[in-house]
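Remarks on the structure that follows.
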Amino acid sequence: LDPSWPKLWGRKGLAHFFLKQYDEACAAFHKVLELDPAHSEAQVLERICRSSVNEVREANLQRAEKAGGSLRRLERTQAALAAQHRRRN
């Protein structure tokens, strides 16, 4: 696979998006736009990803506040669990 192929990055971005891995999806769509700045679909999808990242962060903040903890602690715990999951797979 050719890493300079925008379609490759676009499909990777879609895969991450549907797995709700919004940060990774945004990065992939950003790569599409680096390779092809006029790619209108990637422009739209990157905006959607950024919106999704913000929504998830806001939901996490609300959850952390309800639990009496901090968002930073919740995010560190989620990152540690995700890293542990990746090591297992």
Side-chain angles (χ1 to χ4, degrees):
L1 297 171
D2 185 356
S4 66
W5 191 36
K7 196 172 211 177
L8 168 81
W9 292 101
R11 289 185 177 163
K12 181 177 179 170
L14 286 173
H16 283 297
F17 183 82
F18 288 116
L19 291 171
K20 297 184 180 182
Q21 298 168 344
Y22 301 120
D23 289 326
E24 293 89 344
C26 284
F29 293 129
H30 183 74
K31 184 67 175 176
V32 172
L33 294 172
E34 284 179 5
L35 297 169
D36 181 4
H39 197 290
S40 60
E41 185 177 319
Q43 292 170 352
V44 170
L45 290 168
E46 186 183 35
R47 280 194 299 269
I48 291 169
C49 278
R50 290 187 193 283
S51 176
S52 297
V53 166
N54 291 336
E55 287 174 15
V56 168
R57 185 166 174 78
E58 182 62 32
N60 285 343
L61 177 60
Q62 290 174 3
R63 256 189 303 212
E65 288 174 352
K66 283 182 183 176
S70 72
L71 176 60
R72 200 173 216 23
R73 188 177 334 133
L74 176 64
E75 288 176 338
R76 280 195 309 262
T77 301
Q78 288 176 332
L81 290 172
Q84 184 180 38
H85 178 72
R86 282 191 300 272
R87 283 193 300 270
R88 286 184 187 160
N89 296 326

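Computed from a prediction, not measured in an experiment: that's the story for all the values here. FYI, side chains are in, hydrogens and waters are out, and symmetry mates aren't considered; it's all heavy atoms of this structure.
- Other residues, nucleotides and ligands contribute over 12 non-hydrogen atoms within 6.0 Å of the CD atom of Gln43.
- Closest approach of Gly13 to Ala25, counting heavy atoms only: O-CB, 3.4 Å.
- No side-chain donor-acceptor contact under 3.5 Å links Ser51 to the backbone of Arg47.
- Residues Glu34 and His30 bring a donor and an acceptor atom of their side chains to less than 3.5 Å of each other.
- Here CH2 of Trp9 is found 8.0 Å from CG of Leu35. Values are rounded to the nearest 0.5 Å.
- Taken to the nearest 0.5 Å, the CD atom of Gln21 stands 10.0 Å off from the NZ atom of Lys12.
- Heavy atoms only, all atoms of each residue included: Cys26 and Val53 are closest at SG-CG2, 4.2 Å.
- Note on Ile48: it clusters hydrophobically with Val56, by side-chain heavy-atom contacts below 4.5 Å among ILVMFWY residues.
- A distance of 13.5 Å separates NZ of Lys7 from CG of Asp2, quoted to the nearest 0.5 Å.
- Atom CZ of Phe29 is separated from atom NE2 of His39 by 9.5 Å, given to the nearest 0.5 angstrom.
- In this structure, the separation between OG on Ser40 and CG on Leu45 is 9.5 Å, given to the nearest 0.5 Å.
- Considering NE2 of His16 and CG of Leu19, their distance stands at 7.5 Å, rounded to 0.5 Å.
- Here the shortest heavy-atom pairing between Val32 and Gly10 reads CG2-N, 3.3 Å.
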